[in-house]
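Chain A is the first sequence line, chain B the second, and so forth, proteins listed ahead of strands; every chain is numbered from 1.
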Amino acid sequence: MGKQEMPKAYEAAKYEDAIYDTWDKSGFFNPDNLTGEPYAVMMPPPNVTGVLHLGHALENSIMDTMIRFQRMRGKKTLLVPGTDHAALPTQAKVEKMLIQQGMKNPRLELGREGLVEKIREFADQSRSTILNQIKKMGTSCDWSRLAYTFDEKRSAAVNELFSRMYKDGLIYRGYRVVNWSVKGQSTCSDDELVYVERATKLYTMKYSKDFPITIATTRPETKLGDTAVAVHPEDERYKKFIGQTFVVDVGSAKPPSIKIISNDEVDPTFGTGAVGVTPAHSMVDFAMYETQKAKGDPIDIIPVIGGDGLMTPEAGEYAGMSVEDARAKFVAWLGSRGLLEKEEDLVQSVGTSDRFGDVVESIPMTQWWLDVNKSISGRGKSLKDLMREAVTTGLNGVEDKKVTITPDRFTKSYLDRVEHLRDWCLSRQIWWGHRIPVWYKGSEMVVGSQPEGEGWTQDEDTLDTWFSSGSWTFSTLGWPEQTKDLETFHPTSWMQMGYEILYLWLMRMVLMSAYALDQIPFKDVYIHGMVCDENGKKFSKSSGNGIDPIEVIEKYGCDALRMSLLLGVSPGNDTKFFLEKIQSGRNFTNKLWNISRFILSSVDTSSLLPSSPLSPQTLADRWILSRFQSLQREVTDHLEAFEFSQAGEKLRDFTWGEFADWYLEIAKIQNTKSKIQTSAILLYVLERILVLWHPFMPFVTEEIWKQFSVPPLPEGGPGGVGVASPLMIHPWPVPSLNHLDRNAEEIFSSVQEIVVAIRNIRSQYKVSPKTRVSVMVVGEVVEEQIEVIKSLAGVGEMAVVQNAPRGDDYASTVAGGRQVFVSLVGLVDKQKESAKLEAEKEDLEKYIQSLALKLADEEFSAKAPANVIASMKQKQDEAKAKLQAIESQMKV
RNA sequence: GGGCGUUUAGCUCAGUUGGUUAGAGCGUCUCGUUUACACCGAGAAGGUCGGGGGUUCGAGCCCCUCAACGCCCACCA
């Protein structure tokens, strides 16, 4: 007997917090208390910008399912929880809040220390909220190893990395064009740009009347800073001008010299075939500027737009104007001089700042950069090479050091992205984040840590937040110290992330660990899609269409939420989330609860002999054990392949369909007959499906587990099942006996067919469920099956006969290879019956025909594998037998 | 301009290397409160797998092509 009465419905909210607490206290979240092969997963640290959303719930469900699966399989599992200080987003958020509270300019009013303090307060609060939410989600992480990208240890790792890279000449300070958010007053990396389409105008113009080449531009005001015109070297129209310089007067402070240069990348067929080169305000043009410099044929660089978004003094009469005003004025001026040839509408894609939303300006500035192309001393390859190797040949060509991306298609876009990578702009002009570990005194500069003595000032800028998250897999393990954790758990085993940060994060993790440790960060990375709302729109922090996962958990339970996020989803694809999904998840948790409630309250455990082997007595016994064994294999295989959805769906189908609807119903009647064995099998299967379900639905399974208080089950059930140790660390089932029984499965499925057929007839003739009908079956049915059929199909009398009965009072069908007659005196509609049979007959004839055709085909029999032919023949035989039965029935 | 994804039942989606009458959940219809569960049970209806072409003995799955939708990338000057 179950120890306590289990309530009729499972109310998740009553149990979850307490269960989590028990797990946590048990110590098994900590790998130090586990044995086995190490298996580590680093939680992608959520940003401390606010609260967790459904995307995080998805991630936690995936991670935790994986880590629980591995823990139950006997691995020494570590899931490190953490949060990300998310430099720019967090500062932006806090500044916005302060402005909403009435502050005009938080940076000015509070100063660096004051503002950072405010942000820290916010971040700390947000952090603690987030950590609680992670617990609510049931995530089995090791809280003793909690990490934060901005804590002391992680900061130490960041500084160490920066110093090493600087010493290796990979990090440099340089004057280059950056993406500048005027609104945010900071740089952004290329990866943080969000491209949007914008309607604009393409102006075709000349710098002056006597300038020989016409150019086109969407940014006329930047032409004030043009210093060259690039043309294709083979372009006959312009070839002759290459190398010449023209001084033009466009109204800027100093009339610029425009040099005609050649460049292979210029498309002679596009526009006028000539490009106005603005080194200061275009990444591409800046690259040309560098190329020219390298060629020893330099061109000038003239910044005409400043960090404040206004025209600079170099812009002469335009100085101080906004970009828009300057453009209008310049276009008007061109028009008045007859220099404007054309004005066309154009749709253009422009980069906007992911956080501030404004279109970024390209402006040259002195910033800190990470060179991704430079050969690393002593290694003979660049960071880019390392990033490439890691997903193809494996680092240094070692297959073991390869990161496998699932689904595979993302590997291609990763590589594509690596190719396009430019030097990474590391410095940000914000205050919240790791301050660049560089100190200046006069012309002296020291990198690493603050030097002794007076007068040193630290660089004002902070590091791009991805610099710290890139080192996450090893900074969390104590690097740069050579800790035991680092040795044990790195490279980590597995990581999951959304495709939207594939480039942003995956590439940088590979880069950092390849550089610092000559290791990959993890062996496998599983890429999931986004959680969208009903209309397929992404849930986002800003758009407010978010469903709060914590509210869902409180109302429906964490397990229900996890089910709704994990099932019906395919790897790498987006998933829509809506109420009905959670409800069906909740319904299932309740179903499992009630299955357990029934079994635990009806099984007489006292009569079970602890060590007696499991010996299936009935057909149903053999069938369910055989089915269970297949299930166990399938679920394990799917989980190993990160196919969470498929594993879960198979489990659900087995649990709800085969186990509950069939075996349990049969057990009710057979309980009297072979009570002990039935009980043992019920417990055997229940125990094991709870284990299999645990990674998906940790709470409800753990709660049910507590109700288990039975003698040790046969076949390696753990001593005193469920008494002391939590389900969480229960061994994953491995088939210890061969229960596979094809024969039983086959016979049972014919029994199922007969039952369904009779139920069908009852439903068709609206026979009340209370009415016992009489049934005749032609052929052979063993006694045991008769009993099952009788009870499941509401049959009173069941006779097995040699010949079909005669008379008008039978509704009939063919099922399970047998003719089935249901006696329904006075109810049978003879016409309907024969029509039904006729239709069935036609279908079958067609089917048999098509099979026969196929089998007669010489090519088919020559080329198809034997097993396909055999199974086809068998199908044909079955169909023929059925047809025969139907025909003989029609004669009745 | 390039790449990727999606298109399967009314809705949301599975469908693992091509094997022959395509599955689930939700919804719909009919029936049912039998002491595990109405967050339930029984039964049913519902699909020419986006269009076209091809390869193959055999295609939802492979190839080509077209279309729609979505995402990503690019030096769209």
Contact nearer the 5' end of RNA chain B, comparing A/Asp191 with A/Ala274: A/Asp191

Sugar-phosphate only, base, or nothing, as touched by A/Arg219 at under 4.0 Å among non-hydrogen atoms: nothing

Rounded interatomic separation in angstrom, taking CZ from A/Phe286 and C1' from B/rC75: 14 Å

Dot-bracket notation for RNA chain B, counting Watson-Crick and G-U pairs under 3.5 Å, with | for partners on another strand: (((((((..((((.....[...)))).(((((.......))))).....(((((..]....))))))))))))....

Ring geometry between A/Tyr10 and A/Tyr15 (parallel below 30°, tilted from 30 to 60°, perpendicular above 60°): parallel

Ring geometry between A/Phe410 and A/Tyr499 (parallel below 30°, tilted from 30 to 60°, perpendicular above 60°): parallel

Spacing of the C1' atoms in B/rA59 and B/rU8 (rounded, Å): 14 Å

Listed once per pair and sorted, the salt bridge (Lys or Arg N to Asp or Glu O under 4.0 Å) pairs that draw on residues 637-658 of chain A, sequence neighbours left out: A/Arg73-A/Glu640, A/Arg627-A/Glu658, A/Arg633-A/Asp637

Under-4.0 Å side-chain N/O to phosphate OP1/OP2 contact, A/Lys576 with B/rC13: yes

Nucleotide B/rU6, atom P - distance to CE of A/Met530 in whole Å: 15 Å

Over 12 foreign heavy atoms within 6.0 Å of CD, A/Gln849: no

Test item: A/His232 side-chain N/O and A/Asp267 main-chain N/O as donor-acceptor pair under 3.5 Å: no

Length of the OH-P vector between A/Tyr195 and B/rG3, whole Å: 20 Å

Atom-pair distance (CZ on A/Arg762; C1' on B/rA44), nearest Å: 16 Å

Spacing of the C1' atoms in B/rG60 and B/rG15 (rounded, Å): 8 Å

Are there any protein N/O atoms within less than 3.5 Å of an N/O atom in nucleotides 30-37 of chain B, and if so, which ones and at what distance?
unit_1 : atom_1 : unit_2   : atom_2 : d
B/rU30 : O2'    : A/Lys766 : NZ     : 3.2
B/rA36 : O3'    : A/Arg597 : NH2    : 3.0
B/rA36 : O2'    : A/Asn594 : OD1    : 2.4
B/rA36 : O2'    : A/Arg597 : NE     : 3.1
B/rA36 : O2'    : A/Arg597 : NH2    : 2.8
B/rA36 : N7     : A/Lys668 : NZ     : 3.2
B/rA36 : N6     : A/Glu665 : OE2    : 2.9
B/rA36 : N3     : A/Asn594 : O      : 3.1
B/rC37 : O4'    : A/Asn594 : OD1    : 2.9
B/rC37 : O4'    : A/Asn594 : ND2    : 3.4
B/rC37 : O2'    : A/Asn590 : OD1    : 3.2
B/rC37 : O2     : A/Lys591 : NZ     : 2.9
B/rC37 : N3     : A/Lys591 : NZ     : 3.0

Same-atom distance (P) from B/rA22 to B/rG5, integer angstrom: 27 Å

Sugar-phosphate, base or nothing in reach of A/Ser413, heavy atoms under 4.0 Å: nothing

Sugar-phosphate, base or nothing in reach of A/Met288, heavy atoms under 4.0 Å: nothing

Touch class at under 4.0 angstrom, heavy-atom based, for A/Lys846 against every strand present: nothing

B/rU21 to B/rC64 separation - C1' atoms, rounded to the nearest Å: 30 Å

Of residues 578-587 of chain A, the positions that come close to RNA chain B - non-hydrogen atoms, cut-off under 4.0 Å: A/Phe578, A/Glu580, A/Lys581, A/Ser584, A/Arg586, A/Asn587

pair A/Val635-A/Leu639: side-chain heavy atoms closer than 4.5 Å: yes

A/Arg409 side chain, from C-beta outward: closest of B/rU20, B/rA14, B/rC4: B/rC4

Any A/Ser570 side-chain nitrogen or oxygen under 4.0 Å from OP1 or OP2 of B/rA14: yes

A/Arg417: side chain to side chain contact (heavy atoms under 4.5 Å, CB included) partners, not counting sequence neighbours: A/Asp191, A/Tyr503, A/Met507

Rounded distance in Å between the C1' positions of B/rU33 and B/rG23: 31 Å

Distance-minimising heavy-atom pair for A/Ile301 and A/Pro364: CD1-CB, 4.2 Å

Result of checking A/Trp656, A/Phe654, A/Phe588 against A/Trp693 for ring-ring contact (aromatic ring centres under 6.0 Å, His included): A/Phe588

Main-chain N/O of A/Ser768 paired to A/Arg762 side chain as donor or acceptor, under 3.5 Å: yes

A/Arg422 side-chain N/O to B/rC75 phosphate OP1/OP2 under 4.0 Å: yes

Proximal nucleotide (of B/rC71, B/rA42, B/rA74) relative to the A/His420 side chain: B/rA74

A/Arg759 CZ to B/rA42 C1', straight-line distance once rounded to whole Å: 6 Å

Contact under 4.0 Å: A/Gln646 side-chain N or O vs B/rG15 OP1/OP2: yes

Euclidean distance, atom CZ of residue A/Phe644 to atom P of B/rU16 [Å, nearest integer]: 18 Å

Closest to the A/Asn573 side chain, choosing from B/rC75, B/rG5, B/rG19: B/rG5

By side-chain hydrogen bond (donor to acceptor under 3.5 Å, both in side chains) - contacts of A/Gln874 (at least two apart): A/Glu878

Sugar-phosphate, base or nothing in reach of A/Val277, heavy atoms under 4.0 Å: nothing

Rounded C1' spacing from B/rG58 to B/rG41 in Å: 41 Å

Backbone N/O of A/Lys555 and side chain of A/Arg586: donor-acceptor pair under 3.5 Å: no

Sugar-phosphate, base or nothing in reach of A/Tyr503, heavy atoms under 4.0 Å: sugar-phosphate

Length of the NE2-C1' vector between A/His638 and B/rU17, whole Å: 14 Å

Heavy-atom donor-acceptor pair, A/Asp285 side chain to A/Ala280 backbone, under 3.5 Å: no

RNA chain B: 5'-proximal contact among A/Phe270 and A/Leu844 (nearest heavy atom): A/Leu844

Greater than 12 external heavy atoms within 6.0 Å of A/Glu419's CD: yes

Pairwise C1' distance, B/rA24 and B/rA14 [rounded to whole Å]: 7 Å

Separation between the C1' atoms of B/rG51 and B/rG46, rounded to whole Å: 23 Å

Geometric class of the A/Phe642/A/Phe644 ring pair [parallel <30°, tilted 30-60°, perpendicular >60°]: parallel

Under-3.5 Å donor-acceptor pair between A/Glu265 side chain and B/rC75 base: yes

Presence of A/Lys412 side-chain N/O under 4.0 Å of B/rC4 phosphate oxygens OP1/OP2: yes

For atom CD of A/Glu640 and atom C1' of B/rU16, their distance in whole Å: 14 Å

